[in-house]
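What you see below is based on every heavy atom in this structure, not just the backbone, and it leaves out hydrogens, waters and symmetry mates. Each ligand, and each atom within it, is numbered from 1 in the order the structure gives. Counting begins at 1 with the first residue of the sequence.
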Amino acid sequence: MQAEIDRYPRKNDVYIQYGTAGFRTKATELDHVVFRMGILAALRSRAKGSAAIGLMITASHNPEPDNGVKLIDPHGEMLEMEWEEIASRLANAPNPEFQGELAKVAMSNGIDAAKPALVFIGRDSRSSSQRLAEAAIAGVKAYCGTAVDHGLVTTPMLHYYVFLRNTTDCPDADLEKSYFSKLATSFNVLCEPYVQNQTIVNKNYANALDFDGANGVGAVGIDKFLSYQKGQNFELGVHVHNKDLSTPSKLNHECGSDFVKLQMKPPNGFKPTSGRRIVSVDGDADRVVYSYVDSENNFHLMDGDRIATLVASYLIDLVKGSGLNLNLGLVQTAYANGNSTKYITETLNIPVACASTGVKHLHHKALEFDIGVYFEANGHGTVVFSNNAKNLVLQAFEDSTMDESKLKWIRRLQQMMNLINSTVGDAISDMLLVEAILLARGWSIQDWETAYHDLPSRLKKVYVKDRNVIETVDADRRCSKPDGLQEQIDLLVAKYPNGRSFVRPSGTEDVVRVYAEAETEEDVVALAEEVAKTVHNLAGGVGPPPS
Ligand code: 16G
Ligand code: ZN
């Protein structure tokens, strides 16, 4: 094995950490990290009774020169938190100490090296991804594991493949087919009641949307989906844009969900048609946001908060109609717009929980409900269903005394469960979920938007010497360090009607993030600036104070 290790040496002593989205940095710094993660994935497979483990090469919405790697656990979920620390330790071990560190991990986990190990490798469309996938495969093989290269896939596809491989007898060659046919079939069944002569009829719903693929794997994913839905009773009218995978610099460039959300602009690459839905995904298609441009050329964003409220309000109707005793809750982060939270709790009467930033925190919290809907404002989210929910649905079909009026809703709930990729946020599955709900409601995107008005909000970055001087509590909503900062923020917030602000160190960039919202544009600009200046003063700001 030493010969392989020597082919992927650690070239500098820059510390790299397995963060909320795995390891992420410049692609040129990652070869040894990815190779070592190939080894760790094979080790983890053995620790989990030879179950398949996923290894995804992607830097998601980040620029093309970046890349990253993350591991996927046997049920398609993110790597267990305790193993993040092991991953960091192995990635940073000096070359001569790597084998020793690895032996320690193997020993403390009782690994039997004679057992088979299986690792699924997937990658996004970055120019460095193929090379890094090869490094991962070399790592798996160096540790005598079997690597299955799934090539270009979206992150949620790989999560789902891992889940399917470990819970069914689906052969590796059929995983893709299984994923897309499940989406196509369940979507078709959900839409069928509204189709007449191949045309959709339900009030304001129009079967036409523009898909912004961010020039990444999302574009490949949607094209595959469209080929699977060909010939179905109902074909979703999707026009795919930003699908150029051959020009690396185009990835996420002036398009994709992050661009649209942060710039509050439609994606470049095509001219939006007034009133028509635009669906933007990110570079690995685990995030999705909707938007449209109105007849006066104003831009409207429907972010993760809006998707969450749409989904939760529809699912709660299904639960009520079904008569099943299931509790439904929604999980947001501190970034969720205050008016969305108000709408969910006061109008929809659905309980809302707040989790720390990072998908794994939301996912974990959502598991506390029978039906847990979670979304980050950036468009990453899904719905998880408890075993109790799944069992009650199955039992209802076996119960001969169940009346048809209830069964009708239970069937729809089951079809929703089939459409949703519960392992992780999935832009394509989430998009189909939104479409199925808009169609069932007979809504245009404007109808959807009328649910509530977003409070004006601002995000700011503050550069400081050490961002970890900021510590947060209460799911990022308050900061406990440095002393006095929270008190200052409280005083500033109190000056503005409906004001709210919080600060937290970024997990992916060397900055402190400031979030503010208030009743008016003018107020929010002032509040964000005052809080940013206070952070700069009290937390060791570098450079000129933010303005
Ligand atoms: C990562 C997280 C995302 C979070 C973002 C926050 C995952 C898969 N991704 O991209 O959920 O919103 O980090 O970034 O967990 P920040 O810490 O730089 O604000
Ligand atoms: Zn992503």
Problem - Contact check, R513 vs ligand 1, heavy-atom distance below 4.0 Å - result: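 It does; at least one heavy atom falls under 4.0 Å.
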Practice task
Compare all side-chain heavy atoms of V281 with those of M431 and state whether any distance is below 4.5 angstrom.
Solution key: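 When only atoms from C-beta onward are counted, M431 and V281 do not touch, as no gap falls below 4.5 Å.
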Salt bridge between [X] and [Y], side-chain N to carboxylate O under 4.0 Å?
X	Y	value
E254	K265	no
R478	E487	no
E376	K261	no
R126	D66	no

To which protein heavy atom is [atom] closest, and what is the distance rounded to 0.1 Å?
atom	answer
atom 6 (C) of ligand 1	T357 CG2, 3.7 Å
atom 9 (N) of ligand 1	A21 CB, 4.0 Å
atom 3 (C) of ligand 1	E376 OE1, 3.3 Å
atom 1 (C) of ligand 1	T20 OG1, 3.7 Å

Hey, what's the ring geometry for [X] with [Y], parallel, tilted or perpendicular (30° and 60° as the breaks)?
X	Y	result
H363	Y374	perpendicular
Y292	H300	parallel
F270	H241	parallel

Any N or O of [X] closer than 3.5 Å to N or O of ligand 1:
X	answer
H380	no
D286	no
T508	yes
G507	yes

Problem - For S60, the option from T155, D282, D124, T508 that meets side chain to side chain contact (heavy atoms under 4.5 Å, CB included) - result: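 Looking at T155, D282, D124, T508, the match for S60 under the side chain to side chain contact (heavy atoms under 4.5 Å, CB included) is D282.
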Exercise for the section: Under 4.0 Å from a heavy atom of R504: give me the atoms of ligand 1 that qualify, with their elements. Expected result: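 It comes down to these atoms of ligand 1: 16 (P), 17 (O), 19 (O).
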Handout entry: Under 4.0 Å to a heavy atom of M78 - the qualifying atoms of ligand 1, by number
Key =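 By the 4.0 Å cutoff, the relevant atoms are 8 (C).
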Problem - Under 2.8 Å from the Zn ion (ligand 2) - protein N/O/S, by chain and number - result: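 Checking every protein N, O and S atom gives S60 OG, D282 OD2, D284 OD1, D286 OD1.
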Handout entry: Which segment of R287 sits under 4.0 Å of ligand 1 when only heavy atoms are counted
Key =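 For R287, the contact with ligand 1 is made by the side chain alone.
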Handout entry: OH (Y463) with more than 12 external heavy atoms under 6.0 Å
Key =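 For Y463, atom OH is not crowded (no more than 12 foreign heavy atoms under 6.0 Å).
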Handout entry: Side chain D258, main chain N62, donor-acceptor under 3.5 Å
Key =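 No, the answer is negative, given that no donor and acceptor are paired below the 3.5 Å cut-off.
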